[in-house]
Structure formats: structure tokens, C-alpha cells
Chemist: 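Before we start, here is the structure in question, set down as C-alpha cells.
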Amino acid sequence: MVNLTIDGKKVSVPGQTTIMEAAESVGIHIPRLCYLKDLNEIAACRVCVVEVDGKDKLITSCNNVVLEGMEVKTNSKKVRSHRKTTVELLLSQHSNKCVSCARNQNCSLQDLTYDLNIREIPYEEHLEKQEWNNNFPLIRDSTRCIKCMRCIQVCDKMQSLNVWGLEGTGARTTVNVTGGRKIEDANCSLCGQCITHCPVGALSERDDTEKAWNALEDETKTVVVQVAPAVRASWAEQMGLSEEEAPVGKIFDALKKMGADYVFDTVFGADLTIMEEASEFLERFTAGDLKERPMFTSCCPGWVRFVKTEFPHMLSSLSTAKSPQQMFGAVMKSYFAEKIGKNPNDIVAISVMPCVAKKAEREMDMYYGEFAGHETDIVITTRELTRMIKSAHINVSNLENIPSDNPMEDGTGAGVIFGATGGVMEAALRTAYFTLKGENPPNDAFLRVRNDGSKDGSGIRESEFDIDGVKVRTAVVSGLGNTRELLERIDKGEANYDFVEVMACPGGCVGGGGQIIHDGQEKAFERGKKLYKLDDNYEYRCSHDNPDIKKLYDEYLGKPLSFKAHMLLHTEHKI
Ligand code: HC1
Ligand code: SF4
């Protein structure tokens, strides 16, 4: 152990601990902007400087380790003055139009400016204006970039995609899409992780709330809204509600108050995906065509974009089952439209997703019977939902916990855990087990596919199950860097699986790029636990037990993988 003092407090920590972490261990918070544990420890912003042993030179605390006998001051006059100048210089290169920024009131630079009591910026403003395609689901405002490098590191180290890089030299150094490419040509998966890791408002999702408002206010349209599983685990963080105060039924109530005609839970769509995907898996699996192994899940659009650009030869191994969002949209514009006697063209399907890539996934056309535009018309993120609730001046403490609408009301625990890494695999295995054995599995049969983030954090979970004498080898992976590693092993023949679940965002959709942002904090696994808790309390825990799903097959689709199911619920993945 190394002994030192920080702000006069005696501290004892293991060797190789950084000064920042040592301070944190005794409750002393050192301000920072660029630091992200294990991802960005490069001291680019220099906000975390501290004074050591009364020496003239200040050092950065995020990348300097403790030494025996050190005397550290984290908030001396010298430190404060240096920090203030650093932030003033940053502000001179940052658009300070905070009131109209997507990150207003959730911005580390704004907080720091306030904390340091900076009332004016004594340096000349110099803003870097770069062109951007504002139709792309990922928006970058270069005038807000503080060059902290987090986006570069997250996209490179976590997602292995290298979309962002530095260009220029010296004072002209700036962040931009690498290789002089336009963002739409840069193989961006749209995972949105660079957005949730940006400390300021330089990166955001395309704001589609006006489109949603226009639809909600259009009396000639029937507006149906679906809410994804992971949204319920995060929206309350922005609304000041506790977990218990924020059931998904309150989101339904808010949506109805905003003008939605019908509200549905994507959990129903997830159950439908499982019916088709589990059947497809068993069909492929028992056909014994090794070339088709493993079968990959395809509900995560960030992952689908990744495989198209990085591993196109694996495209045919993706399940043809559409995602719950798209399946639900297709059912809304066919089965449901018929039920309520509406022309699908007069239905606007909105979805609320924890995801930015879902905004691109919606481009899929609806081909069934009469051409009916897109299956999903508008996608808003969890963050956009909370902005809409706020702009509608809805008092969330008065919201009621209302059910979703008929006839796609029921959901199951299997559908709700889709939002957490391992959830799709577990849900599919529950139904595959039932199909093979004719009975439901015990509740703890497939717990091994879950990743609660507490183990080694490797992001890859391998398991093997024996279901009625049939051996099924599975892998669950989240994060695209981990995914690349896994796919390379599969490619080299070093890993063999039958079924693989991939989620682009670490921890799954609960950690999605459209979720509420808590700068520098990892929330995915905590939110995942909320979904697993909901699963425990569902009346039905298997998708095939969902009464409304059974009704949909009885009344409309026939059975999983039927011709009609193929037409509505499956797709061919093309480059
Ligand atoms: Fe997801 Fe999915 S789990 S992809 O994260 O399969 O976005 O929540 O809605 O479609 O159900 C997202 C979440 C979501 C779909 C489902
Ligand atoms: Fe990289 Fe994801 Fe950001 Fe695209 S959205 S630039 S893939 S981190």
C-alpha cells in the first residue's frame, strides 16, 4: 500500500492507483472533462490538475499514480486559477448557446463553468464550423466540440470502428470523421455510444420530436406508439421519478395525453420476434447445414449495420426475423389496421427506442398486400421522449399507470428482457426448450447467458445447454469491439456456436445510445437488473404463452414461419 495525504486527509491505496482514484476513494472529487476510466486517460483537457508537494508545476491526476509520502492539494489557489484559465480557454472555442443545446442542463462543461464561477470569457471566441448532413441520425455540431477525444476512443476502443479521428496540427487540430469521409460513408453503426460519452452537446441524435408532434396533432391520422423494453428502465432518470414511480404504464398515459390514439408495448413485438426467431433457429439447427451456423440474432440495428460493412460474408447467417420494432409496425399496419377498419396509409407508427440506429432501421419498407409506406414512420429516443413530456408540461407525478391497448396488449417476461444483454438468447431458449420438450423450462434454466457486468466485464458469454438430449452452444456478446473479436474467432474456426446474440451497445439496449446520459457513469447493468426484476413478476415468462400472441397466430398469421408470417415478419438482409 502507498500512504499519502490528499487535502490534509491521510490516504492509503494500492500502488499504481492514480491520484484521481485515490482522491475518489476518500470522497474527494477532482473535476474532469475528458477522463473516462479505461477508455480515455490521456489528460487532454487538463482540468484535473492538482498541486503536489508544494511544487510549482501542477500535474494531471487522471494519469499520474500515487507515490509514498505525497502531499496532494486538489483545490489550492494555484490549482483553482489554473483550472479556471483552462476552462475559459475551452469556452472561447465552444459555442456557448447553452439554452438551445441538446445537452442544456446535462453538460459537464456547463456545470464546471458554474462551479468555477466563470462569469465572462476573457479570450476571443474562435469557433470551428464544419459541414454536416443534418438528415443523418447522428448529428455533430463542431462548434461545441471541446476536443476531449472521448468520441475517438469510444468508437475505436469500445466499438472498433474508428469513425472519429484528429485532423490538422497545432492550434488547428480538430476532430472530424476519419479519412476525409462523409459520416454517411464512414461505416458508422449508429450505436450512439459517442453521443452518450460526449461530455457536452457536440454529438446528439437527429431530433425527430417535431415530426412526432405534427403526427400527433394531425386529426386525419391514427397515431399508434410503441415503447421499447429498455426505455422503462431509463426515462425516470430524467423525470426525477424513482424506479417504483415509473412503470411503463405512465409512459403510455403521457403519450395519450400528448395525443396518441393507441399505445403499445414493444414487449409484444419482442414476443412475436421470439416466436419466429426460435422457430427459425430450430429449423436451421435441425437441418444440420453447418454453413449456416451459427445463426445470429438480428434485432439490433447497430449490429446489423456493423455486419454489413465489416463482415458482409456473414450476412446470410443473420436471422431473417425482423426486429420487434419492425414486426410490431408491420402488425399495426395490417392486422391492427383491419381490426380498427383503417387504411394503413392513415396510420402513423411512432416508436420510442433507447437507440439511434432504430431511426435508420425504420427506412425498411412495408411490403404486404397494398404498399403501405414504412412499417415504422417516426422513431424517437428515450431522451426525445422526455423532452416531449417536458415540453407538453405534463406533471409526471399525476400520471397514471395505464395498460397498453388491445388487441396486442399482453407481454411476457421473455419480451421485457430483450432490453438487456443475453435477454434475446434467454427468451429464445425458453421457447426452443418448450418446442423440443413440450413443457416450459425451470425459471433458472438459462441464467448462464446473462451478464450482470460484475464478472470480468469481457462482454462475451459462452454457454452450452442440453435440451432433451440436444446440445446447443450459445454465445452472447455486447459492444462491437467484443463482437469483432468473437467474429474473428468464428471466422478462424477457433469458436463454434449454434446460436449467437449480438447487441451493439455494451450491456444491450439498456445502455443504448438513445438513453438518458449520466456523464462518465455506466448505467447499463443497473438498468438491466430492473428488467430482470420485471421478468420475475410477469404472469407469463415465455413468449409462446402470451395470450394475445396466440390470438394473432390463430386469427391472422396461422403459425410461425407461415407464408403470411414470412411476408410480414421476415426480411432478406442485403448490403
Ligand atoms: Fe431494443 Fe429490441 S431490445 S433492439 O434494444 O429487439 O432499441 O429496448 O426495442 O426492436 O424489444 C432497442 C430495447 C428494442 C427491438 C425489442
Ligand atoms: Fe462510432 Fe457508434 Fe459514434 Fe458511429 S455512433 S461514430 S459507430 S461510436
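Reckoned from all heavy atoms, side chains included, excluding hydrogens, waters and symmetry mates. All ligand and atom numbering here is 1-based and tracks the order in the structure.
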Chemist: My understanding is that only residues two or more places apart in sequence, or in another chain, count here; which of them pass salt bridge (charged side-chain N to carboxylate O under 4.0 Å, His left out) with E128?
Modeler: none
Chemist: Should the pair D261-K256 be classified as a salt bridge under the 4.0 Å nitrogen-to-oxygen rule?
Modeler: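 Salt bridge between D261 and K256, a charged N being under 4.0 Å from a carboxylate O: no.
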Chemist: With a 4.0 Å cut-off on N to O distance, would you call D535 and K529 a salt bridge?
Modeler: no
Chemist: Under a 4.0 Å N-O cut-off, is there an ion pair linking R430 with E426?
Modeler: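 Yes, this pair counts.
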Chemist: Please list all pairs passing the side chain to side chain donor-acceptor pair (under 3.5 Å) test where one or both residues lie in residues 407-420, with sequence neighbours left out.
Modeler: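 Those involving residues 407-420 are D271-T412.
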Chemist: Distances for all N or O pairs of ligand 1 and the protein under 3.5 Å?
Modeler:
| unit_1 | atom_1 | unit_2 | atom_2 | d |
| --- | --- | --- | --- | --- |
| ligand 1 | 8 (O) | P229 | N | 3.4 |
| ligand 1 | 8 (O) | A230 | N | 2.7 |
| ligand 1 | 10 (O) | P324 | N | 3.4 |
| ligand 1 | 10 (O) | Q325 | N | 2.9 |
| ligand 1 | 10 (O) | K358 | NZ | 2.7 |

Chemist: At distances under 2.8 Å, what protein N, O or S atoms surround atom 3 (Fe) of ligand 2?
Modeler: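 Near atom 3 (Fe) of ligand 2, the protein supplies C194 SG.
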Chemist: Tell me if the centroids of the rings in F336 and Y262 come within less than 6.0 Å of each other.
Modeler: yes
Chemist: May I ask you to decide whether E363 forms a salt bridge with K358, counting only side-chain N to carboxylate O separations under 4.0 Å?
Modeler: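 K358 and E363: not salt-bridged.
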Chemist: Regarding R383 and E205, does a basic nitrogen lie under 4.0 Å from an acidic carboxylate oxygen?
Modeler: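 Judged by the 4.0 Å cut-off on N to carboxylate O distance, R383 and E205 do form a salt bridge.
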Chemist: In terms of side-chain geometry, is the basic nitrogen of K533 or D536 positioned less than 4.0 Å from the acidic oxygen of its partner?
Modeler: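 Looking at D536 together with K533, the answer is no, because their closest N to O distance does not fall below 4.0 Å.
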